[in-house]
2 protein chains.
Amino acid sequence: MKLTSKGRYAVMALVDLARFDNINPVSLRDISLRQGISLDYLEQIFSKLKKDQIVKSIRGTQGGYVLSKKPNEIKLTNIFHAVDEKVKTVQCKKESKKGCNGKATKCVTHNLWDELETHINTFFEKKSLEDLLKNNIEQRT
Amino acid sequence: MKLTSKGRYAVMALVDLARFDNINPVSLRDISLRQGISLDYLEQIFSKLKKDQIVKSIRGTQGGYVLSKKPNEIKLTNIFHAVDEKVKTVQCKKESKKGCNGKATKCVTHNLWDELETHINTFFEKKSLEDLLKNNIEQRT
DNA sequence: ACATACCTGACTAAATTGGTCAAGTATAGT
DNA sequence: ACTATACTTGACCAATTTAGTCAGGTATGT
Ligand code: FES
Ligand code: FES
């Protein structure tokens, strides 16, 4: 079970954005430099974040990105959903009545993984960007 | 974030084992057939489970595997540890003082991922094989 | 005009996963 | 003693996923 860079970077970038977008739009180049993430990769990520209306883009010189909602309205769930970082614990198709390997019934561990998935998603639903900002400010004092 | 088959199969196989090892040792061939897992793959998994003393092996005809502890003493943590299914959320080396990409300080999301890791591990520490057995019996009634 | 910075799609090297295959060794039953 | 069963070990591999790079664009403020 591991987190992918896409999800990790998306959150890092958004925290960075949330800290600096009060004054001006923030360019991906700045985020790239501050957070040490490849610019080209960031562009892929932000195109997805934009599609899910988590950020807005402003083109041209002095352009960049801005959050399109307040930090407390952006949950980790929303971010992860946008960049396709999904939590997948079961092997079977959840909606289908069939089990893992095409068997007729769900396997002996199905309920367990389903519970795990819920457990993890609860965490993502609770945490918002705002929580992360607070945490970060505390660290800097 | 997804679970790998190794961890999933390990738990499936152990639940199967726990259900049938009261009378005789259970052969991997039986588990393979009942659970629909490749025999060769099961062998890899069980060699790891054995190394961590979760199961005992009995060779020869009528041989097989037996749990080496009671079901309520075998937590998911133990199983996952045995088969190297680890929860890895941070990118950096946890013990090191350095951050993700070799930076001097921990990144803005480090604490978050660390919290998540704890959150998930808590789940694994609580659940034992016995819990799964109960759940399964309930289903069969 | 021109620099900045968003936008898009194709491509790829490396790692991981989910196995298979081959060649053993130990033991119970006949 | 022979043989079938079943554990044991290690090498190998195809397919997928990941974590990017690269090469072009397009819009806009100055
Ligand atoms: S995980 Fe859903 S049936 Fe096995
Ligand atoms: S995850 Fe540990 S420093 Fe970024």
Side-chain angles (χ1 to χ4, degrees), chain A residues 1-13 17 20-21 24-52 54-66 68 80 83-86 88-89 91 100-101, chain B residues 1-13 17 20-21 24-66 68 80 83-89 91 100-101:
Chain A
M1 293 218 83
K2 68 180 170 215
L3 212 59
T4 68
S5 288
K6 199 164 265 179
R8 205 183 283 112
Y9 287 168
V11 179
M12 279 174 78
L17 191 60
F20 294 104
D21 79 341
N24 292 314
V26 180
S27 73
L28 293 188
R29 196 174 53 83
D30 286 356
I31 298 179
S32 166
L33 291 173
R34 275 196 295 260
Q35 304 297 330
I37 304 169
S38 144
L39 175 59
D40 286 313
Y41 203 23
L42 274 178
E43 276 171 350
Q44 287 182 41
I45 293 169
F46 271 75
S47 99
K48 297 189 179 206
L49 292 174
K50 190 189 168 186
K51 210 188 312 172
D52 268 31
I54 292 170
V55 296
K56 277 185 294 196
S57 67
I58 292 133
R59 300 182 75 147
T61 322
Q62 304 299 336
Y65 285 95
V66 187
S68 49
F80 276 20
V83 299
D84 304 310
E85 171 82 65
K86 46 197 146 207
K88 183 179 158 85
T89 56
Q91 181 146 48
C100 297
N101 23 32
Chain B
M1 295 217 78
K2 69 177 168 217
L3 212 57
T4 68
S5 287
K6 200 164 265 179
R8 206 182 283 115
Y9 287 168
V11 178
M12 277 174 80
L17 191 59
F20 294 104
D21 78 342
N24 293 311
V26 180
S27 72
L28 293 189
R29 195 175 53 83
D30 286 355
I31 298 179
S32 165
L33 290 173
R34 275 195 295 261
Q35 303 300 328
I37 305 170
S38 143
L39 176 60
D40 286 314
Y41 202 24
L42 273 178
E43 277 169 349
Q44 285 180 43
I45 292 169
F46 271 75
S47 100
K48 297 190 180 204
L49 292 173
K50 191 189 167 187
K51 211 188 311 172
D52 268 29
Q53 289 162 332
I54 291 169
V55 297
K56 277 186 295 199
S57 68
I58 293 134
R59 300 181 73 149
T61 323
Q62 305 296 337
Y65 286 94
V66 187
S68 49
F80 276 20
V83 298
D84 305 311
E85 171 83 66
K86 43 197 149 205
V87 177
K88 184 178 158 84
T89 55
Q91 180 145 50
C100 297
N101 24 30

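Since we're looking at a predicted model, the values are computed, not measured. Computed from heavy atoms alone, side chains included, the values below leave out hydrogens, waters and symmetry copies. By convention in this document, chain letters (A, B, ...) are assigned in the order of the sequence lines, proteins followed by strands, and residues within each chain are numbered from 1.
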- Note on the structure: Rounded to whole Å, the CZ-C1' distance (A/F46 to C/dC7) equals 14 Å

- Item | Salt bridge present between B/K48 and B/D84 (N-O < 4.0 angstrom) | yes

- Note on the structure: In terms of heavy-atom contacts, A/D21 and A/Y65 come closest through CB-O, 4.3 Å

- Message: Measure CG/A/L3 against P/D/dT18 and give the value in whole Å, please.
- Response: 11 Å

- Message: Need one value for A/Y65: base, sugar-phosphate or nothing, where a base atom within 4.0 Å counts as base even if backbone is also close, heavy atoms only.
- Response: sugar-phosphate

- Item | OP1 or OP2 of C/dT8 under 4.0 Å from side-chain N/O of A/S47 | no

- Task: Describe the nucleic acid contact of A/S27 in one word from base, sugar-phosphate, nothing, applying a heavy-atom distance below 4.0 Å.
- Result: sugar-phosphate

- Message: Using whole Å, what does the distance between atom C1' of nucleotide C/dT20 and atom CD1 of B/I37 come to?
- Response: 16 Å

- Measure the distance from OH on B/Y41 to P on D/dA11 and round it to the nearest whole Å. 18 Å

- Message: Testing the 3.5 Å rule here: is there a donor-acceptor pair between the side chains of A/K56 and A/S68?
- Response: no

Please list, pair by pair, any protein nitrogen or oxygen found under 3.5 Å from a nitrogen or oxygen in nucleotides 27-30 of chain C.
unit_1, atom_1, unit_2, atom_2, d
C/dA28, N3, B/T61, OG1, 3.3

- Note on the structure: B/L17 and B/V66 have their tightest heavy-atom pair at CD2-C, 4.2 Å

- Message: Is it the case that the side chain of A/E85 and the backbone of B/M1 share a donor-acceptor pair, with hydrogens and angles ignored and the cut-off at 3.5 Å?
- Response: yes

- Roughly how many Å is it from NZ in A/K48 to C1' in C/dT8, rounded to a whole number? 13 Å

- Kindly point out which of C/dG19, D/dC7, D/dA19 is positioned nearest to the side chain of B/Y9? C/dG19

- Item | Quiz item: A/E43 side-chain donor-acceptor pair to D/dT21 base, under 3.5 Å | no

- Query: Which nucleotide in the set D/dA23, D/dA19, C/dA22 lies at the smallest distance from any side-chain heavy atom of B/D40?
  - Reply: C/dA22

- Query: When the distance from CG of B/D30 to P of D/dT5 is rounded to whole Å, what number comes out?
  - Reply: 12 Å

- NA contact type, B/V26, heavy-atom cut-off 4.0 Å: base, sugar-phosphate, or nothing? sugar-phosphate

- Should the pair B/Y41 and B/Y9 be assigned to parallel (<30°), tilted (30 to 60°) or perpendicular (>60°) ring geometry? perpendicular

- Whole angstrom is fine here: how far is it from CE in A/M1 over to P in D/dT17? 16 Å

- Message: Which is more 5' along DNA chain D, the nucleotide nearest B/K50 or the one nearest A/L39? Just name the residue.
- Response: B/K50

- To the nearest Å, give me how far apart NZ (A/K51) and P (C/dC7) are. 12 Å

- Message: For the backbone of A/T89 and the side chain of B/R8, can you confirm whether one donor and one acceptor N or O come within less than 3.5 Å of each other?
- Response: yes

- Query: Of all the choices, D/dC7, C/dG19, D/dG20, which nucleotide is nearest to the side chain of A/S5 once you look at every atom?
  - Reply: D/dG20

